[in-house]
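To start, the structure itself, in structure tokens.
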Amino acid sequence: MKLLRFLLLFITIQLSAQQGGMWIPSLLEGMNEDEMHSLGSKLSAEDIYSVNQSSLKDAIAHFNGGCTSEVISPKGLLLTNHHCGFSQIQSHSSLENDYLKDGFWAMTLENELPNEGLYVEFIVRIEDVTKQALEGVTDTMDERERQAKINSNTNAVEKNTVKEDWQDTKVKAFYEGNQYFLFVTERFEDIRLVGAPPSSIGKFGSDTDNWVWPRHTGDFSMFRIYANKDNKPAKYSPDNVPYTPRHYLPVSLDGVSEDDFTMVFGFPGRTEEYLPAVAIKQIVEKVNPSNIAIREAALKVIDANMKASDKVRIQYASKQARIANSWKKWIGENLGIKKSNAIEERGKLETEFTNALKEKGLEAKYGHLLPEFDRLYKEFEPVNVKRNAFVEVFIRNVELMMLMFRMTQLEQAVSNGEDAFNKSKQSTIERMTAFYKDYDATVDKGVYEAVMPLYTANYDSSIYDKTSFSDLESALKVMEGTPEEVVAKLNADPAYQYTKPFVEEFYTSINPEWQRLNTEINALQTQYMTAQMLALPNKRYFPDANSTLRVTYGKVNGYYPRDAVYYLPVSYLDGVMEKYVPGDYEFDVPQRLQDLYKTKDYGQYADSNGKMPVCFIGTNHTTGGNSGSPAIDAHGNLIGLNFDRVWEGTMSDMNYDPNICRNIMVDVRYVLFIIDKYAGATRLIDEMTLVHPKAKKGKNKKKN
Ligand code: ARG
Ligand code: GLU
């Protein structure tokens with residue numbers, strides 16, 4: 001371990017203008033700070049992350065565990081993506097108040113809408129606890145013993161850390177389990193919906209444009225954090241007041257030009273940048289194609305039904321978007337891996353690694369790793385594909401199967417006593433109520449018929465006609481009575497009878513086998529990380545994303561997607577009008593936006609060329625979870641909102657290539673323009689701090 005820390009230090013001293021990587025905000029001093037400065041940043045590491053004074057990190061909040069959001073006013077106004085607030089916008093929508101279609105704007109604080117279950121989390125501080133986490137861990141331990149020891153160590157750290165009552169702690173593994181960091185967090189639970197554009201702006205281009213540049217989506221929505229009278233986190237109460245943040249981002253009106261420095265600050269979810277070639281090959285050739293086929297079958301049915309009925313469109317909007325998003329990403333990922341020759345390139349790196357092991361006398365210790373990977377991944381392949389398919393069918397796509405899966409958990413709870421059962425029953429009933437609000441049995445039956453043949457030859461769609469679970473009322477009847485009665489009724493239900501053996505197969509064979517091999521693979525990956533840093537110390541090592549706060553930085557930059565084609569880095573409202581298809585479900589443009597375009601009524605939000613900017617791209621290394629992350633300029637001002645990546649670069653989760661990997665951001669001036677000129681919600685603009693950092697340059701220099 002000491003050696004690894006020494007290596008990390010060594011890497012930190014190296015200087016280069018390379019890009020890529022998702023860095024830990026508390027460790028920017030040195031290499032990252034220097035790189036950022038060489039790219040044009042004027043920020044110090046302390047401006048970005050500080051424990052002693054307010055810093056940029058105090059404006060960044062994890063949004064409901066999956067997206068990022070940022071505070072942009074002294075009154076807790078929160079900005080995130082439209083697709084991040086989508087399920088909240090959807091749940092307030094009905095045929096009468098169709099906020100998905102028409103947008104929503106709270107014109108007063110009183111009109112802001114509470115959202116049950118929604119929370120945001122800030123990072124109070126980050127500490128390296130590697131020493132504590134690995135205390136007593138020895139080379140002779142097998143992987144299970146090792147993990148158990150680490151878990152008990154990190155649990156102790158979480159428990160014993162000094163913190164305030166309203167704060168929380170968690171320890172996360174970095175560098176594949178070679179380093180551990182503690183996060184002290186603060187969670188707010190009264191988060192209200194403030195505004196959202198219509199989907200024809202916030203989701204303009206929908207699935208056709210998703211993961212694609214050039215893009216013209218105004219992908220933003222606004223919320224507000226409420227706190228109790230002491231400005232501390234509190235459950236929803238009408239007495240709560242707007243939160244006063246430790247820091248909020250000023251908003252720049254000066255926009256971006258090619259080569260400008262940009263930084264994206266947020267919570268990337270998961271990357272796998274250090275996989276062996278054999279693993280990438282398995283994902284691209286086996287796992288992705290299987291998952292893609294299942295989702296494609298489901299989407300065909302859902303899409304057709306959404307187009308045929310407004311009721312179904314509202315019910316399925318959020319579910320469809322979730323299914324379609326990964327489906328399309330996997331397709332792009334596969335194309336990008338091929339196009340960038342990632343598997344061959346990774347193979348070359350492995351040759352380089354093997355040679356370096358020999359040169360450095362490390363072969364005896366680490367020479368077995370790559371052959372071991374080959375052996376394990378071969379064994380892993382069928383069960384990995386099967387487990388993925390189970391998850392896709394029974395947990396992600398067929399809703400009745402998802403509900404029956406849940407019911408098997410309810411039946412399981414019986415063995416833990418009556419209290420446990422009643423608790424599980426109560427939460428099942430709550431979940432069912434939400435489930436049926438957006439459930440259409442005919443649509444789901446269609447999905448079942450399309451998807452099931454991809455999993456098993458044993459399927460029978462008559463279960464949809466016979467089950468008690470086709471509507472809330474008869475489903476609730478099944479829940480009545482003693483635990484034994486409920487279980488008996490469940491087991492008499494045809495949908496339950498059908499699902500149960502698949503779930504049993506999953507728990508008794510598929511999952512244990514998958515877990516066993518996955519544990520071995522992870523253990524190998526931990527050693528492989530150490531070995532790579534030892535053998536090839538001059539490479540660029542950043543920790544894989546793990547849903548913790550990270551900084552990534554780069555420049556506003558176009559790219560060459562293919563021979564003779566260059567993509568400019570900025571898109572304009574002209575492009576929205578070019579794509580406009582009247583009445584189309586993806587490319588319609590609201591009349592009011594057309595009018596504003598005709599009169600060029602852009603106010604202070606126009607670019608210096610008189611046009612209305614919409615989106616821009618940069619070399620920031622981002623992934624899922626970075627949605628809603630602020631794009632920040634050289635001075636710490638908000639210039640945009642991250643929401644996507646470009647088609648050619650979606651493979652960056654396994655293979656970041658600075659030549660073609662770009663993140664897509666909506667220009668904050670478009671956000672302001674929509675709020676102000678389109679929606680007339682000027683009270684929101686009034687509470688922000690709008691700045692002109694470029695005009696100020698030279699005259700009125702900021703610190704540093
Ligand atoms: N691709 C972006 C992300 O991964 C945006 C997804 C939302 N848009 C959509 N059409 N589903 O989350
Ligand atoms: N849209 C993604 C999200 O929801 C971000 C884009 C990406 O995956 O890079 O987090």
Side-chain angles (χ1 to χ4, degrees), residues 20 22 60-70 79-90 100 196-197 199-213 215-221 264-273 295 298-299 302-303 306 313 316-333 336 396 544-547 549-550 552 554 584-587 615 617-631 640-657 660-666:
M22 305 166 167
I60 318 298
H62 207 177
F63 186 84
N64 220 17
C67 280
T68 306
S69 55
E70 50 278 353
L79 184 63
T80 189
N81 287 144
H82 186 261
H83 78 262
C84 294
F86 200 74
S87 69
Q88 284 74 33
I89 303 166
Q90 191 249 358
L100 284 177
S199 291
S200 53
I201 292 172
K203 208 187 165 184
F204 182 74
S206 195
D207 291 327
T208 299
D209 269 10
N210 194 18
W211 300 109
V212 168
W213 182 256
R215 188 64 154 276
H216 298 87
T217 313
D219 195 344
F220 79 95
S221 62
V264 171
F265 205 176
F267 292 85
R270 180 155 186 250
T271 59
E272 301 181 284
E273 307 286 352
R295 291 204 178 199
L299 285 168
I302 297 172
D303 288 349
M306 281 175 73
R313 174 180 58 76
Y316 280 77
S318 188
K319 293 184 277 196
Q320 190 275 353
R322 202 171 336 125
I323 297 171
N325 191 42
S326 302
W327 162 75
K328 192 166 178 187
K329 187 206 149 181
W330 293 326
I331 298 173
E333 187 169 83
R396 302 253 190 274
D544 268 319
N546 59 357
S547 292
L549 185 60
R550 301 292 180 90
T552 169
D584 185 70
Y585 80 105
E586 294 189 301
F587 292 102
C615 295
I617 53 175
T619 57
N620 309 288
H621 185 180
T622 54
T623 188
N626 271 125
S627 273
S629 300
L641 191 58
N642 182 76
F643 70 98
D644 210 355
R645 276 173 286 168
V646 304
W647 190 236
E648 294 76 10
T650 50
M651 84 310 190
S652 65
D653 291 348
M654 290 183 275
N655 181 43
Y656 177 83
D657 178 347
I660 52 171
C661 291
R662 297 289 178 273
N663 70 312
I664 309 181
M665 298 154 275
V666 51

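Every number for a ligand or one of its atoms is a count from 1 in the order of the listing.
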Asp219 side chain to His83 backbone, donor-acceptor under 3.5 Å: yes
Protein contact of atom 5 (C) of ligand 1 - nearest heavy atom, named by residue and atom, plus distance: Asn210 OD1, 3.4 Å
Distance from atom 3 (C) of ligand 2 to nearest protein heavy atom, with residue and atom: Ser627 OG, 2.2 Å
Atom 7 (C) of ligand 2 - nearest protein heavy atom and its distance: Arg645 NE, 3.2 Å
Gln90 side, atom CD; Lys319 side, atom NZ - distance, nearest 0.5 Å: 8.0 Å
Close approach of Phe63 to ligand 2, heavy atoms, under 4.0 angstrom: no
Region of Arg645 that comes within reach of ligand 1 [heavy atoms, distance under 4.0 Å]: neither
Gly625 neighbourhood, listing ligand 2 atoms whose heavy-atom distance to it stays under 4.0 Å: 3 (C), 10 (O)
Close-contact set for ligand 2 against Asn626 heavy atoms, below 4.0 Å: 10 (O)
Identity and distance of the protein heavy atom lying nearest atom 3 (C) of ligand 1: Asn325 ND2, 3.4 Å
Pairwise side-chain contact, Asn325 with Trp211, heavy-atom cut-off 4.5 Å (strictly under): yes
Name of the residue among Thr619, Asn620, Thr622 meeting side chain to side chain donor-acceptor pair (under 3.5 Å) with Asn663: Asn620
Residue pair Thr68 / Ser629, side-chain donor-acceptor N/O under 3.5 Å: yes
Proximal ligand 2 atoms for Trp211, defined as those under 4.0 Å from one of its heavy atoms: 7 (C), 8 (O)
Phe220 ring center near His82 ring center (under 6.0 Å): no
Heavy-atom nearest neighbour in the protein, as seen from atom 11 (N) of ligand 1, with distance rounded to 0.1 Å: Ala321 O, 3.5 Å
For atom 10 (N) of ligand 1, the protein heavy atom that lies nearest, with its residue and separation: Asp207 OD1, 3.4 Å
Phe643 N/O under 3.5 Å from ligand 2 N/O: yes
Ser206, portion touching ligand 1 at heavy-atom distance under 4.0 Å: backbone
salt_bridge(Arg270, Asp653) N-O dist < 4.0 Å: no
N/O separation below 3.5 Å, Asp219 to ligand 1: no
Min N/O separation Lys203 to ligand 1 under 3.5 Å: no
Distance-only N or O hit between ligand 2 and Gly66, under 3.5 Å: no
Stacked cation flag Lys328 on Trp647, 6.0 angstrom / 45 deg: yes
Parallel, tilted or perpendicular: rings of Phe204 and Phe587 (30°, 60°): perpendicular
Nearest-neighbour protein heavy atom for atom 6 (C) of ligand 2, which is reported as residue plus atom name and distance: Asp644 CA, 3.5 Å
Distance-only polar pair, side chains of Asp303 and Gln320, donor-acceptor under 3.5 Å: yes
Heavy atom of His83, distance to ligand 2 below 4.0 Å: yes
Side-chain heavy atoms of Ile60 within contact of Pro630, under 4.5 Å: yes
